[in-house]
Amino acid sequence: MDYKHTINLPQTDFPMKADLARREPDTLKRWEESQTYAKLREIAKGRPKFILQDGPPYANGAIHLGHAINKVLKDIVVKSRSMDGFDAPYVPGWDCHGLPIEHQIEKTRGKEVKALAPREFRQACREYAMSQINGQREDFKRLGVMGDWDRPYITMAPKYEAEQLRAFAQILRNGHVYKGLKPVHWCLDCRSALAEAEVEYEDKVSPALDVRFAVKDPQDLAKRFGVSALKSPASVIIWTTTPWTLPANQAVALGPEFRYSLVDTGSELLILASSLVEPVLKRAGVETSTRIAEVEGAKLEGLKLQHPFYERVVPVILGDHVTIEDGTGAVHTAPGHGVEDFEIGQKYKLEVYNPVGSDGRFVTGTPLFEGERVFDANKHVSEVLKERGTLLHETKLTHRYAHCWRHKTPVIYRATAQWFISMEQAGLRKGALREIAKVKWVPGWGENRIASMMAERPDWCISRQRVWGVPLPLFTHKATGELHPRTVELIEAVARLVEEGGIDAWFDLDPAELLSQEASEYEKVNDIMDVWFDSGSAHHCVPQMHEDVTAPADLYLEGSDQHRGWFHSSLLTSVAQHDRAPYKAVLTHGFTIDEKGRKMSKSLGNVVVPQKVIGTLGADVLRLWIAATDYANEMALSDEILKRVAESYRRIRNTARFLLGNLDGFDPATDKVPASEMVEVDRWAVWRTQQLQEEVIAAYRSYQFHLIYQKVHNFCSVDLGGFYLDITKDRVYTTGKKSLPRRSAQTAMFYIAEALVRWLAPILSFTAEEIWRYMPGARSESVFFNTWAELPREMTHQPSINWPAILNLRSAVARELEKLRNAGSIGAPLDAEVDLYLSSSSLLSVLQSFGEELRFVFITSAARVHPADTRPADAVAAEEAEGNGAWIVVKPTTSVKCVRCWHKRPDVGHDARHPELCGRCVTNVEGPGEQRRFT
RNA sequence: GGGUCUGUAGCUCAGUUGGUCAGAGCGCACCCCUGAUAAGGGUGAGGUCGGAGGUUCAAAUCCUCCCAGACCCA
């Protein structure tokens, strides 16, 4: 007789094969069609808010792995906060203005660009940015990121631009803005100032010159060095790799603490840092020399020097920025061409002299070099020095030098009129540092990092001489250069115009419209703002344009480079505007590297393309990798790592599938078993689930997603696959379909599935949604409409049975069974029977109470327990567990196999009607069914 | 060159304030099952905790230096 039909095998349509690449789009379509995100907003209405403010990606290019990580981490945060009972909206944004897009237009339109009017050029930029947004948006959605994709904030929206102007007005009113002359990175090709972020460092070959600055007053020098008369002319030697800045030289800086030597070469006297005398003389080819005297740099302050080719006398000054690692220990100082030079120049009231025009040529009237391009002038400078006898030595040097990130060409420092947000004049630095201390930084070292940047950083140059950006809507007086007295009001007027007509409204504006008869006295500023100001004012702009977003945000979440980027600019604008941080917490993640720890780059060929992963393994596998990786450090990805992740995905998926399969025929509304009637091990399973759930929730709250991955995966493999589901299979399969023992297991599995699907949802969003649809019982349309599973309290009490000890015994028995298996005595554990001899009386009595059910723990056909002292000589000692000895005897069983439950039992055939069945199968097939209390 | 970090088995990660802390899962090898089956179960082999010094009765855990890597800056 065939009893197979009496066995309750798992039954589910939930597919084992994920086929994510094909199936995920269906889920996306469902979310789209049923407006899942919008419905979630309705459902969450009234809950406490959790605002994650999106840092806008730049609207240029296809998304890469870094984007994917960032968006998925945000999505995990938002979804987990939602499941945690918050109203957690997600309004994505895009950063739209700025140089890279201008360049993109220049590149694609070619020469035609030059003919474009600025207005048309901006239109082209706008259209391009929009196309990029649309492309990126599809990719972000495909990752499973849920958000208000139909109403993102884009920084080129007229409303955003107008609000940005309002934010600026407030900052101006608060006294942070000034106009100044300052050396800024200047790209000769852009003809524009560059932000730090627009500069990158590349190797460059530069001339390296040692130049004489002759001492004007030899007697003064002699006195300072404490020597009598000097027999030869003396010079301070400076070392420079930018000879073209020598025309702008205003001083020579020495380190106050360093020692400087007066060295006689026979023909002349040189002044050099003592520790550098040797290398300098060596390269200059001086063979014999005598050190006459030595003093601290501080002693030489104010010494008068002759400029090497101009009729200009410059002083020796002191600066802590001077180093004696290379060069001569004497630094040529041109405040118009260097930040440190500028700063030290302020102190010594040096002139900020800049003879270089925006085109990178010396301006008309520059002696000797008028009209020459700066880098070309290097050679000329060197010739002039030679002629004047002021060149000690010349060579070439390869060093890291600032380059324009777009043009890849060397940039210069050039003093120009720019608009600044001052770090000091209205206490911005102080306020920012104070606010940094109030923010929670994850990981904690982020605080140190941004604080040290904030403490050091110079004033923020917010002006750009470009086209595609939000204007600095200012009028300056033609004679005095002062801002119009009603500037704040005027900006508001401009903001209203921009709100209607976008930024073109400003560029097209006739000043008379706002200034009427004053118009002729004022100049309309043509600069635009640094794009960092755009995104940096999102904390102000977004809440003004989207009702779901409020400020300050609960969290900003970006890559660790944003300590200098968006975290930084946002903090500055927010403190300047409101004197508070724009965020309560900041979370940063690392960058992607390959399995060898190297950064991903095209040249190394180790770049992982997210679209490709999604198209093969699926977004959920990529999401799982993101969750599984500790984002605090670098995040390594390679084919092997992806393979591992995909394998663990399958484990989790199959666990869910098995649970669903066993829930076949279970209706939670009618079939749930009360805790008091549940089988002990089922209650253990629910308890264990509850324990884990607490850990999972805690990990979500502390953003430790990789722990969730570890814990949940372990749960599936060890607790469920390796124990609970393994031993429960027998009961679910063989007891009556509607019997209490089976319903008890189903009740546990039901709660496990309810919990599991929710744990997974923020990470494996597609899979969780898929599982959700196969779960029994009435339920909402989407898993995301729910909060964490509530497990019945009476089921989650700590079990009185010492299950950990039983699990230990189980492992010990498994080791013994393995020996039999390897000896060929048994195959499956059901071929064996086991006798346990325990010294722990409590464990002994518990297991004795299990009675016939004990065998199910080991999945053996029989299992018995006895006091330790009755053990036979050949009993094998199990590994110690809490000082309690256990001895094991396993042997092949001699009983006959029941064809239905496959246990080998002595009572097989006792019932004449079912000659092939064991006793419990008989009762399960047509009797009242077996009882189970423990397993 | 400076700042901020990271470096535990092939992979991903645990290792509280220094004292069973050398762990887990995966992978791998071998075995079993064939009623979760392009599944499932079991056993086992893998690490001188990046390297070298030092502090300590005792260090993966503290200090110094070095090496490798990441981000930011110069």
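Below, chain A is the first sequence line, B the second, and so on; all start at residue 1. Note that the structure is a prediction, hence the values are computed from the model and not measured.
Partners of A/Trp186 by ring pair (Phe, Tyr, Trp, His ring centres under 6.0 Å), not counting sequence neighbours: none found. For A/Phe723, the ring pair (Phe, Tyr, Trp, His ring centres under 6.0 Å) criterion is met by A/Trp684, not counting sequence neighbours.
When the nucleotides B/U37, B/A39, B/C5 are ranked by their closest atom to the side chain of A/Arg657, B/U37 comes out on top. Side-chain proximity of A/Asp561 to the nucleotides B/C72, B/C13, B/A36 is greatest for B/C72. Side-chain proximity of A/Ala628 to B/A14, B/U43, B/U12: nearest is B/U12. Residue A/Thr734 places its side chain closer to B/G35 than to any other of B/C33, B/G3, B/G35. Of all nucleotides listed (B/G42, B/G3, B/A39), B/A39 comes nearest to the side chain of A/Met16. Candidate nucleotides B/G35, B/A38, B/G40 were compared by shortest atom distance to the side chain of A/Lys729, and B/G40 ranks first.
In this model, the phosphate group of B/G35 is not approached by any side-chain N or O of A/His5 to a distance below 4.0 Å at OP1 or OP2. Residue A/Arg810 has no polar side-chain atom (N or O) positioned under 4.0 Å from OP1 or OP2 of B/G41. The side chain of A/Lys4 contributes an N or O atom lying less than 4.0 Å from OP1 or OP2 of B/G35. Considering only side-chain N and O atoms, A/Lys819 lies nowhere under 4.0 angstrom from the phosphate OP1 or OP2 of B/U43.
A/Glu930 places no side-chain N or O within donor-acceptor distance of the main-chain N or O of A/Cys921, the cut-off being under 3.5 Å. Panel note: side chain A/Tyr700, backbone A/Ile76; no donor-acceptor pair is recorded below 3.5 Å.
Counted by atom type alone, A/Thr6 and A/Arg900 present one or more donor-acceptor pairs between their side chains at under 3.5 Å. In this model, a donor atom of one side chain and an acceptor atom of the other lie less than 3.5 Å apart for A/Asp682 and A/Tyr724. Judged by distance alone, the side chains of A/Arg920 and A/Thr734 do bring a donor and an acceptor atom under 3.5 Å apart. Checking A/Asp730 against A/His903 by side-chain atom types alone, a donor-acceptor pair falls below 3.5 Å.
Straight-line distance between the P atoms of B/A60 and B/G54: roughly 15 Å, to the nearest whole Å. B/C49 and B/G7 have their P atoms separated by 14 Å, with the value rounded to a whole Å.
Residue A/Thr629 is in sugar-phosphate contact alone, with no base atom involved, counting any heavy-atom pair closer than 4.0 Å across all strands shown.
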Atom pairs, N/O to N/O, protein against nucleotides 67-70 of chain B, distance under 3.5 Å?
| from | atom 1 | to | atom 2 | distance (Å) |
| --- | --- | --- | --- | --- |
| B/G69 | OP1 | A/Arg598 | NH1 | 3.2 |
| B/G69 | O3' | A/Gly597 | O | 3.2 |
| B/G69 | O2' | A/Gly597 | O | 2.5 |

Produce the list of close N/O pairs, under 3.5 Å, pairing protein atoms with atoms of nucleotides 23-27 of chain B; give distances to one decimal.
| from | atom 1 | to | atom 2 | distance (Å) |
| --- | --- | --- | --- | --- |
| B/A24 | O2' | A/Asn714 | ND2 | 2.5 |
| B/G25 | O4' | A/Asn714 | OD1 | 2.7 |
| B/G25 | O2' | A/His713 | ND1 | 2.7 |
| B/G27 | O2' | A/Arg644 | NH2 | 3.3 |

Enumerate the protein-to-nucleotides 60-64 of chain B contacts in which both atoms are nitrogen or oxygen and the separation is below 3.5 Å.
none

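Protein atom CE of A/Met454 is 14 Å distant from nucleotide atom C1' of B/C73, rounded to whole Å. Remark: P of B/A36 and CG of A/Leu663 are 16 Å apart, rounded to the nearest angstrom. Going from atom CE of A/Met749 over to atom P of B/A36 covers 12 Å, rounded to whole Å. For the pair A/Phe723 CZ and B/G40 P, the interatomic distance rounds to 18 Å; values are reported in whole Å. Per the geometry, CZ belonging to A/Phe567 stands 13 Å off P belonging to B/C72, to the nearest Å. The interatomic distance linking A/Leu642 (CG) with B/C11 (P) rounds to 15 Å, in whole Å. Between the CG atom of A/Leu659 and the C1' atom of B/A39 there is a distance of 14 Å, rounded to whole Å. With rounding to whole Å, A/Phe658 atom CZ is found 15 Å from B/A39 atom P.
For residues 697-706 of chain A, the salt bridge (charged side-chain N to carboxylate O under 4.0 Å, His left out) pairs, not counting sequence neighbours, are A/Asp84-A/Arg701.
Checked against the 6.0 Å centroid criterion, the rings of A/His706 and A/Tyr631 do not qualify as a close aromatic pair.
Ring geometry for A/Trp759 against A/Phe715 counts as perpendicular: the plane angle is over 60°, on a 0 to 90° scale with 30° as the lower cut. A/Tyr556 and A/Phe567 have tilted rings, their planes meeting at an angle from 30° to 60° on a 0 to 90° scale.
Between A/Asn448 and A/Glu818, the residue anchored nearer the 5' end of RNA chain B, judged by the nucleotide with its closest heavy atom, is A/Asn448. Of the two residues contacting RNA chain B, namely A/Met453 and A/Asp831, the nearest-nucleotide position lying further toward the 5' end is that of A/Asp831.
Salt bridge present: A/Arg810 and A/Asp726 bring a charged side-chain N and a carboxylate O closer than 4.0 Å.
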